[in-house]
Amino acid sequence: MKNKKAETLEDAVSRIHDGATLLIGGFGQPGVPEVLIDGVCDLKRRDLTIVTNNAGTGHSGIARLFEEGCVAKLVCTFPWAKESFVFKELYDAGKIELEIVPQGTLAERMRTAGAGLGGFLTPTGVGTDLAIGKETMTVEGKDYVLEKPLHGDFALIKAYKVDPRGNLIYRKTGRNFNPIMAMAAGHTIVEVQEDVEIDDLDPEVIVTPGVFVDTYYVTGWYEIGKERNAS
Amino acid sequence: MKNKKAETLEDAVSRIHDGATLLIGGFGQPGVPEVLIDGVCDLKRRDLTIVTNNAGTGHSGIARLFEEGCVAKLVCTFPWAKESFVFKELYDAGKIELEIVPQGTLAERMRTAGAGLGGFLTPTGVGTDLAIGKETMTVEGKDYVLEKPLHGDFALIKAYKVDPRGNLIYRKTGRNFNPIMAMAAGHTIVEVQEDVEIDDLDPEVIVTPGVFVDTYYVTGWYEIGKERNAS
Amino acid sequence: MSDEQTNLLTRQQIAARAAQDMEDGWLVNLGIGMPTMIPTFIPRERDVMFHSENGLIGMGPPPAEGEADQDLISAGKELVTMVPGGAYVHHTDSFAIARGGRLDCAVLGAFQVAANGDLCNWRLPNQTSGSVGGAMDIAAGSKRVFAMMTHTARDGAAKIVAERSYPLTAGGVVTRIFTDMAVISVTPDGLVLDEVAPGLTADEVQAVTDAPLIMNSVGTIPIAA
Amino acid sequence: MSDEQTNLLTRQQIAARAAQDMEDGWLVNLGIGMPTMIPTFIPRERDVMFHSENGLIGMGPPPAEGEADQDLISAGKELVTMVPGGAYVHHTDSFAIARGGRLDCAVLGAFQVAANGDLCNWRLPNQTSGSVGGAMDIAAGSKRVFAMMTHTARDGAAKIVAERSYPLTAGGVVTRIFTDMAVISVTPDGLVLDEVAPGLTADEVQAVTDAPLIMNSVGTIPIAA
């Protein structure tokens, strides 16, 4: 069986290259792969495109990626939260590009990529600024915007448990975008609280089948959203 | 809490009207709501459109619906199996309309309906007879067929366990189309092996949230695919 | 104007009034801010489930002291709980629920609501960007959209207008408006003034509303003692 | 022709040859019929997982006597088992895997394969209808599509052709063809005859193939004793 387990954080993330598009899981702080993000910061990669819901909190996690100058573009739904001050400073200084996508559309665009589809028609955003430049179509009398797939070179996600096949389960609202991003990337890297033996996960309850997982790194439990020292 | 439990089979299905479109779960015999189908047969409804993967087996289940003259049109992926001789006879006699849809497209069209979307672009069927009359589009150099949502007036599905909210889990390959059809209908009716108390289903493992379930009827375990006497 | 000020509803009172409209058996999504105050005002005997777009069906109140779970938050990023019979889903399933018409109601804040039900709540006209979050999907997909807001902006400008001048969130979706002055229904005939806050007159509400209000039988918003 | 007949591979031998191409770590979908015979021929040390489009990742062999589960079947409607580390998914997730390029290989039966990789396997030209099942999605989405079939039709007509005359399943998708006479690769330059069955010559294979075969170094299909 292919060994998907990375023994070190560096092994888990080192294939990420300058200019890559990273889908990064999490909504608020649950489900954010904070350890993997620190790993990417340590690599000092440049010109990354980051796809994630929020624009970072404080100085840790995704905010640290911004602060260390790794990111050229952010695709997100909710950039202007108070705690995203690091992003705001870079944006105001013209140092980072921003694409705002409605949250359901962001999720669906990634699923569309993962499912091998070429696009979908959504009622979300019809007639709004976010539909400017996009094709619109009328189906059964209702207007829709044509949205295109959103692929990642890598997905960085967080899960609760993994088995050697890479099958994943999540924990509460830490699930969020993670299973979708796992589908949508060329290479999916998981940080996971615990790894278990083959057959320890009931095949009925697996949320992400291992076919979508390339690499996992076991972190154990940690308190989320805390500033940690850079390694 | 709204009571979704039907005490009798008739209560479970009686709102189904002549001319309705029914999404009926199952692939092969697992996951086919055989008891609900018998209930519909007993109602002697006419001009139904049936959306389901297969064209019935022997004389029971969906084949009985055909045989009793309830069905005007079948939308399916695999009509010409040996065991679907009842359907074949009706089709050859010009008594039933047939629409063939690729299996992934069938599932995705129902999900699209359930997700409030207006269509999707699929590579499936490009250049084939099944794309005739459909719009095609090129995205990033690849050709796609535009497929439209497929709504049901009713979904008739089969599940393993239900709680009073209507939350569902399934059993093995009995899952198949059932969770998707539950999303895509105006009214979803579930036949279920067992009902359990509120909180007996772990919220992490629910496959179909109760929001997609309108009515359920508890059947207990039964051997699938057997001819039963009409009730 | 100083007399009128004292007759404005508090945020709690607006939430309490909106809570009265939450019907038994509904699944409801609550926007960030004032709408999140609604649950505490729903009568115990009514079964209303809350959907939080980050994948939570059956959102419950904030956790008791010492019982918080760091992995269980609302869309507003607050620690919450789950009620019995809830379920966790991922983001596309969560938005399938929202877009697919499975939300009986969404209660959202608003910068501006137009007489045709246009909702504007994601970006101010003088901003080059805004935080859209899930608002566009939820507003486009819910069976009903309730706008909940102060009746006028801080500078006194009307927020209920004949035609929107702000960037659109979703067109023609608002069905009812709950403010600190009134309850207004959006109908095919126009805006209907259903109720005014105690001590206010219908004309006083019309005076700070930039769209004509139909006044057939205007009631008074009931306030709990 | 009677001598040639005896040199044709059996169904088992075709399956055994195709099994040799299944690489360690692959996820593979097997079409109905001959392809389902492949798993028994895969060497034990190779880790190949099977995907069944009815929602089964990690399909195992038929159940032992008395251990069948009525809810566990393959896409061909046969009772099967699940291997350790498998997972159940619903139909849209199953086809997301297929369409999304997560199948390393699909092995499908065929009525006709064209030199450009066009696959025809769902409907005969004289039929007004056919059973498409999951073939179009799986053929369109897999990283590789192997066609597995008799080299000629029962009436002797070539099934490997310069241009298809049968209704299309998916265009330009077949990467390799396994028949009872040969192993042929579909390349940008055309069809390459890689191997012939023991006792057959390359020219004999060409004679029953309606498209030119490139013959650089033609090997012999190894047959287990």
Side-chain angles (χ1 to χ4, degrees), chain A residues 30-31 102-105 107-126 131 134-151 159-161 167-176 178-180 201-209, chain B residues 30-31 102-105 107-109 111-126 131 134-151 159-161 167-176 178-180 193 201-209:
Chain A
Q103 204 170 122
T105 297
E108 196 68 20
R109 285 181 62 194
M110 290 187 281
R111 180 188 179 275
T112 294
L117 302 171
F120 62 95
L121 298 174
T122 180
T124 302
V126 168
K134 292 174 183 167
E135 201 168 336
T136 59
M137 296 180 73
T138 304
V139 178
E140 290 165 22
K142 189 167 172 179
D143 293 335
Y144 297 93
V145 181
L146 176 63
E147 293 281 358
K148 302 289 174 64
L150 179 54
H151 283 276
Y160 178 40
K161 291 185 182 182
N167 292 308
L168 302 180
I169 61 172
Y170 301 87
R171 201 166 172 280
K172 305 197 175 187
T173 58
R175 188 182 304 199
N176 57 64
N178 286 302
I180 309 308
L201 296 181
D202 178 354
E204 296 281 9
V205 310
I206 288 164
V207 176
T208 296
Chain B
Q103 203 171 122
T105 297
E108 195 68 21
R109 285 181 62 193
R111 180 189 178 273
T112 294
L117 301 172
F120 62 96
L121 298 174
T122 180
T124 302
V126 168
K134 293 175 182 167
E135 199 168 336
T136 59
M137 296 180 72
T138 304
V139 178
E140 289 165 24
K142 190 168 171 178
D143 293 335
Y144 297 93
V145 180
L146 176 64
E147 293 281 357
K148 302 289 173 64
L150 179 53
H151 284 275
Y160 178 40
K161 291 187 182 180
N167 292 308
L168 302 179
I169 61 172
Y170 301 88
R171 202 166 170 281
K172 305 196 174 188
T173 59
R175 188 183 303 198
N176 57 65
N178 287 301
I180 309 308
Q193 185 172 324
L201 296 181
D202 178 353
E204 298 281 8
V205 311
I206 288 163
V207 175
T208 296

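Naming convention: chains lettered A, B, ... in sequence-line order (proteins, then strands); numbering from 1 in each chain.
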Using a heavy-atom cutoff of under 4.5 Å, enumerate the residues of residues 113-121 of chain B that contact chain A, numbered in order, or state 'none'. B:G116, B:L117, B:G118, B:G119, B:F120, B:L121
Does any part of the side chain of B:V139, heavy atoms only, come nearer than 4.5 Å to the side chain of A:K148, both counted from C-beta? yes
So, using salt bridge (charged side-chain N to carboxylate O under 4.0 Å, His left out) as the criterion, who are the partners of B:K142 when residues are at least two apart? none
Return the set of residues passing salt bridge (charged side-chain N to carboxylate O under 4.0 Å, His left out) with A:E135 (not counting sequence neighbours), or none when no residue passes. none
How would you list all residue pairs meeting salt bridge (charged side-chain N to carboxylate O under 4.0 Å, His left out) that involve residues 111-123 of chain B, not counting sequence neighbours? A:E108-B:R111
Is the backbone N or O of A:K172 less than 3.5 Å from a side-chain atom of B:E204, with the two atoms forming a donor-acceptor pair by type? yes
At a heavy-atom separation under 4.5 Å, does A:L146 approach chain B through its side chain, its backbone, both, or neither? side chain
